[in-house]
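In what follows, a single structure is set out as C-alpha cells and then discussed.
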Amino acid sequence: MFGIFFPAEGGGAPTPVTVDEYTSVQCIDAGTYTNISSEGNPVSSTETYHQPVQRHHPIVAPQPQVELTTKAIVSRQAPPWKATAIVNGHVTRLDLADYRGRYLILFFYPQDFNRVCASEINALSDRVAEFRMAQTEIVACSVDSHLSHLAWGKLSRQDGGVGNPKIPLLADPTHSIAKDYGVLLPDKGHSLRATYIIDKRGILRAMNMYDTVIGRGIDELLRTIKALLYSDETEEAVPADWSPSHQGQCMANVKHVIIYLKQIISCLVIYYFLVINIVLILH
C-alpha cells in the first residue's frame, strides 16, 4: 500500500488518500503529492502527481424475456393462411389450400430492400424451374405490405431490387402468419430467415430457421425436396447426405440384378432341355 496527499481546496492541509498499489487509475490534473509508507511516515519530498478520475459504468438493465410460440409442428397440418401477394407484378390473393397436390416451400425473409434478402429471392427466382420439375412451388413471405413488395419487385437487381421475381411475394403486415409459424421477432418487428416444406397433403415435413445475417443455400433446399419426394414414392428412408445420384445408382443396381437373374434363368432353361435330351437318348 502507498499513500497520496491531495492538496485541499483553498490552500489547506493536504488530505491523505490510501491507494492499493495494484489498482490501475486513470489520472488527470497535474499537481503535487507526497509518498508515505504503510506506517504513515513520509518517505519522499513533494513531486508531481495526477489526480485519479473515478469512472462510473452504467448498469445495463436485463432485456425482457420474449416468449415465442408456434403452431407449426413437423408431421402435423401446416397452419393455414390467406393473404395478399404480388405474383408476376400483379396484386392477388393466395391461399395455402390452393397448393394442395404439390409441394410448397414457404420461404420467410426479414424485409424488402435488404441486400441479403434480395440475393435469396433472386437465387430462388433463377432456379424456380428446377423446383417446379420436382413438383414444388415456392412462396416468399415477409412482414412488409404488398405495396412494398410491388415497389421492390419493380426495382432492378442492380439497384438492390428483385426485378420482377418468378416467385410470389406474400405480404404479412399484421404479422399473423409469422406468429403462427413461430418466426416473428417482436422486438425487431420482422421475422427470422426460415424455410418450411409442406407436402401435397398440407403436412409440414421440414423446417429450418436461421439468423438474419446469413443467406440460405438453394442446393440443400432442392436436395431436401428431392429426398422427400423419393421417400414418399418409395416409402423408404434416405441416409445422411443422400442425393438424387444415389437414386440413380440404386436403379442401376436393380437393373444389374434383373439382368443377372435373367441370365441365371436362361442357363437353367438350357440345362433343363439338355437333361431332357439326354434322358430321351438313353431311353
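For this chain, numbers begin at 1 and follow the sequence in order. Any value given below was found using the heavy atoms of this structure, including those in side chains, with hydrogens, waters and symmetry copies removed.
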Exercise. Can you list the steps and then say if Ser156 with Asp159 is a side-chain hydrogen bond (donor to acceptor under 3.5 Å, both in side chains)?
Worked result: CA-CA 5 Å; Ser156 68; Asp159 294 327; 3.0 Å; yes
Exercise. Does a side-chain heavy-atom distance below 4.5 Å link Pro110 with Cys117?
Worked result: yes
Problem set entry | Closest non-hydrogen atom pair between Gly153 and Val162, with its separation | CA-CG2, 3.7 Å
Exercise. Is it true that a side-chain atom of Arg102 and a backbone atom of Arg132 form a donor plus acceptor pair closer than 3.5 Å?
Worked result: yes
Exercise. Are Leu169 and Phe113 linked, directly or through other ILVMFWY residues, by side chains that come within less than 4.5 angstrom of each other?
Worked result: yes
Exercise. Are any non-hydrogen side-chain atoms of Lys226 and Pro244 less than 4.5 angstrom apart?
Worked result: yes
Seminar exercise, completed: Heavy-atom nearest pair, Ala171 first then Ser145, reads CB-C, 3.8 Å
For this session: Would you check if the side chain of Asp95 reaches a backbone N or O of Asp98 as a donor-acceptor pair within less than 3.5 Å?
Result: no
For this session: Please assess Val74 against Met207 for the test side-chain contact (heavy atoms from CB on, under 4.5 Å), listing each intermediate value before the final yes or no.
Result: CA-CA 7 Å; Val74 173; Met207 63 181 185; 4.0 Å; yes
Exercise. Asp172 side chain to Ser176 main-chain N or O, any donor-acceptor pair under 3.5 Å?
Worked result: yes
Exercise. If only atom types and distance count, is the side chain of Ser231 paired as donor or acceptor with the main-chain N or O of Leu229 below 3.5 Å?
Worked result: no
Problem set entry | Leu94 with Tyr103, same ILVMFWY side-chain cluster at under 4.5 Å | no
Exercise. Taking only residues two or more places apart in sequence, or in another chain, which ones meet Lys154 in a side chain to side chain donor-acceptor pair (under 3.5 Å)?
Worked result: none
Problem set entry | Distance-minimising heavy-atom pair for Leu184 and Gly189 | CD1-C, 4.4 Å
Seminar exercise, completed: Heavy-atom nearest pair, Leu155 first then Gly160, reads CD2-C, 4.0 Å
Problem set entry | Option passing side-chain hydrogen bond (donor to acceptor under 3.5 Å, both in side chains) with His149 (candidates Asp112, Asp144, Thr84) | Asp112
Exercise. Of the non-hydrogen atoms in Pro168 and Ile138, which two are nearest, and what is the gap between them?
Worked result: CD-O, 3.1 Å
For this session: Test side-chain contact (heavy atoms from CB on, under 4.5 Å) on Glu130 and Leu222 and set out the steps.
Result: CA-CA 8 Å; Glu130 296 178 58; Leu222 186 59; 3.3 Å; yes
For this session: Start with the C-alpha distance between Leu124 and Phe107, add both sets of side-chain angles, then the distance that settles side-chain contact (heavy atoms from CB on, under 4.5 Å), and finish with yes or no.
Result: CA-CA 10 Å; Leu124 284 171; Phe107 195 86; 3.7 Å; yes
For this session: Could you grab the distance from atom NZ of Lys166 to atom CD1 of Ile121, nearest 0.5 Å is fine?
Result: 14.0 Å
Problem set entry | Thr234 side-chain N/O to Tyr230 backbone N/O, donor-acceptor pair under 3.5 Å | yes
Exercise. Do the side chains of Val139 and Ile105 get nearer than 4.5 Å, heavy atoms only?
Worked result: no
For this session: Compare all side-chain heavy atoms of Val128 with those of Met133 and state whether any distance is below 4.5 angstrom.
Result: no
Problem set entry | Val183 side chain reached by Met209 side chain, heavy atoms, under 4.5 Å | yes
Exercise. Passes side-chain contact (heavy atoms from CB on, under 4.5 Å), Val213 versus Val116? Steps please.
Worked result: CA-CA 8 Å; Val213 297; Val116 178; over 6 Å; no
Exercise. Who passes side chain to side chain donor-acceptor pair (under 3.5 Å) against Glu220, sequence neighbours left out?
Worked result: Arg223, Thr224
Exercise. Can you name the nearest heavy-atom pair linking Asn88 to Pro165, along with the distance?
Worked result: OD1-O, 4.4 Å
For this session: Report yes if some heavy atom in the side chain of Leu150 is under 4.5 Å from a heavy atom in the side chain of Trp152; otherwise report no.
Result: no
Exercise. Just wondering, do Leu104 and Leu96 contact through their side chains at under 4.5 Å, heavy atoms?
Worked result: yes
Check: residues 191-203 side-chain donor-acceptor pairs under 3.5 Å, at least two apart:
{"unit_1": "Ser191", "atom_1": "OG", "unit_2": "Tyr109", "atom_2": "O", "d": "3.3"}
{"unit_1": "Arg193", "atom_1": "NE", "unit_2": "Thr212", "atom_2": "O", "d": "2.9"}
{"unit_1": "Arg193", "atom_1": "NE", "unit_2": "Ile214", "atom_2": "O", "d": "3.2"}
{"unit_1": "Arg193", "atom_1": "NH1", "unit_2": "Glu120", "atom_2": "OE1", "d": "2.9"}
{"unit_1": "Arg193", "atom_1": "NH2", "unit_2": "Thr212", "atom_2": "O", "d": "2.9"}
{"unit_1": "Thr195", "atom_1": "OG1", "unit_2": "Arg216", "atom_2": "NH1", "d": "3.1"}
{"unit_1": "Tyr196", "atom_1": "OH", "unit_2": "Tyr181", "atom_2": "O", "d": "2.5"}
{"unit_1": "Asp199", "atom_1": "OD1", "unit_2": "Arg201", "atom_2": "N", "d": "2.9"}
{"unit_1": "Asp199", "atom_1": "OD1", "unit_2": "Gly202", "atom_2": "N", "d": "3.2"}
{"unit_1": "Asp199", "atom_1": "OD1", "unit_2": "Ile203", "atom_2": "N", "d": "2.9"}
{"unit_1": "Asp199", "atom_1": "OD2", "unit_2": "Arg201", "atom_2": "NE", "d": "3.3"}
{"unit_1": "Asp199", "atom_1": "OD2", "unit_2": "Arg201", "atom_2": "NH2", "d": "2.8"}
{"unit_1": "Asp199", "atom_1": "OD2", "unit_2": "Arg205", "atom_2": "NH1", "d": "3.2"}
{"unit_1": "Lys200", "atom_1": "NZ", "unit_2": "Gln135", "atom_2": "OE1", "d": "2.7"}

Exercise. In the single-linkage hydrophobic clustering (I, L, V, M, F, W, Y; side-chain heavy atoms under 4.5 Å), do Leu170 and Leu221 co-cluster?
Worked result: no
